[in-house]
Amino acid sequence: MSGHPTNLRVKLPLLCALLQLATVLLFAFFVQYDSHTSPRLWHEDVQLHSKGPLDHEFYPRYPSTLFLWVFWPSFNSAVTAHGDDQQRTVMNTYFSLASSTLATFAISALVNHGGQLDMVHIQNAALAGGVIVGTSAEMVLTPFGALIAGCVAGLVATLGFRFLTPILAARLKIQDTCGIHNLHGMPGLLGALLGALVAALATPDAYGEGMADVFPLVAAGHRTPIRQSLFQLLGLLVSLGMATVGGSLVGAILKMRSLAMPPDALCFEDQIYWEVFEGFLRVKPAAL
């Protein structure tokens, strides 16, 4: 510890909050989807100029799977329809990622007493914006909506790392070593709820002919937006049910005596299962 106070515990969060608010307001009033991103405008252009989905400018500009933050939009856009849908997904994901990054820096400095930034927060919670729009990025979330979603994701994930993870470890003996619950669990749950909300707000005026790509059953008249929203919520319940059953089953298997599971206090000791070079063995503090 250097002992040098940075005085950033209030200054950095305040600055980030002001930048976040200014960005959301500017996007809310001055930014909207163009003809390559709006489902209504793109499909009108397709019909007018006899274009196909692969004629979209998205494809020569955006190289899609590779790095988590820079190419996280690849994850979200891979399963969407070609054309405006993938363009919109990429843009919404980038907006949300940028917002979650700013929120993560702000909250990380705020919850640490000296105002220092925690690298666990920065490396993980900054990605939460990509998770929370995983369901809704293809929809007409709007740019400022994506910014708000990313801000919420960064806030929830960072607070989870700071406060919830120690509680789960101490009281419930749940060891989330990679922060999956904070980065994927809670933002994913919020993302499913967000998808249901945006689905309920879908209108023919916003989607035009593009409704068939995003909500084909709504476009065909077989479902209303509200009914589609209920199916989105049902998908969330199914996912939670499968996760609960699958996780419980795996946990029960791992606890079988025949697998020689070590006690919690030794879970991170490599030498239980591996031959470890003596130079890498942990030295007990009492021996120092």
Side-chain angles (χ1 to χ4, degrees), residues 8-9 12-13 16-17 20 65 67-76 92-137 141 145-197 232-233 235-248 250-251 254 264 267-268:
L8 290 180
R9 189 180 185 188
L12 182 59
C16 290
Q20 193 83 278
T65 69
F67 303 101
L68 285 182
W69 199 102
V70 178
F71 288 107
W72 193 286
S74 298
F75 300 163
N76 292 346
N92 285 336
T93 304
Y94 271 135
F95 292 147
S96 185
L97 281 168
S99 184
S100 67
T101 300
L102 189 57
T104 298
F105 273 83
I107 303 303
S108 181
L110 184 63
V111 297
N112 285 319
H113 296 296
Q116 299 96 335
L117 299 172
D118 190 321
M119 281 307 300
V120 173
H121 302 164
I122 305 306
Q123 290 177 329
N124 292 276
L127 300 171
V131 177
I132 196 172
V133 295
T135 299
S136 59
L141 180 59
L147 289 172
I148 295 175
C151 182
V152 172
L155 170 65
V156 169
T158 306
L159 292 179
F161 277 107
R162 181 64 178 85
F163 299 108
L164 186 57
T165 295
I167 293 176
L168 293 177
R171 298 185 180 180
L172 300 181
K173 305 303 180 182
I174 297 177
Q175 299 172 352
D176 186 10
T177 57
C178 294
I180 300 300
H181 182 251
N182 303 313
L183 173 55
H184 297 277
M186 293 188 293
L189 177 63
L190 292 175
L193 297 176
L194 178 62
L197 173 62
Q232 299 284 145
L233 290 175
L236 169 61
L237 295 179
V238 171
S239 298
L240 290 176
M242 293 177 64
T244 301
V245 173
S248 300
V250 171
L254 291 177
D264 289 346
C267 277
F268 304 104

Within this structure, what is the [atom1]-[atom2] distance for the pair [X] and [Y], rounded to the nearest 0.5 Å?
| X | Y | atom1 | atom2 | value |
| --- | --- | --- | --- | --- |
| L236 | L190 | CG | CG | 10.0 Å |
| T158 | H121 | OG1 | NE2 | 6.5 Å |
| R162 | I107 | CZ | CD1 | 12.5 Å |
| L189 | S239 | CG | OG | 10.5 Å |
| F105 | Q20 | CZ | CD | 12.5 Å |
| L197 | T135 | CG | OG1 | 12.5 Å |

Do [X] and [Y] touch side chain to side chain, with heavy atoms closer than 4.5 Å?
| X | Y | answer |
| --- | --- | --- |
| N182 | T165 | yes |
| L164 | M186 | yes |
| T244 | S248 | yes |
| D118 | N112 | yes |
| V156 | I132 | no |
| V111 | F163 | yes |

For [X] and [Y], indicate whether the former's side chain and the latter's backbone hold a donor-acceptor pair under 3.5 Å.
| X | Y | result |
| --- | --- | --- |
| S100 | C151 | no |
| N76 | G130 | yes |
| S99 | I148 | no |
| R9 | L110 | yes |

Check [X] against [Y] and note the closest heavy-atom contact, atom names and distance.
| X | Y | result |
| --- | --- | --- |
| A153 | G129 | CB-N, 4.0 Å |
| L97 | L127 | CD2-O, 3.8 Å |
| G179 | F161 | CA-CE2, 3.6 Å |
| A126 | T101 | O-OG1, 3.6 Å |
| A137 | T93 | CB-OG1, 3.8 Å |
| A128 | L183 | N-CD1, 3.6 Å |

Checklist line | Whether H184 and W72 hold their rings parallel, tilted or perpendicular, with breakpoints at 30° and 60° | finding: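 Parallel, since the angle between the ring planes stays under 30°.
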
Notebook entry, point to check: Got more than 12 heavy atoms from elsewhere within 6.0 Å of CE, M119?
Noted result: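 Atom CE in M119 is crowded, with more than 12 foreign heavy atoms closer than 6.0 Å.
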
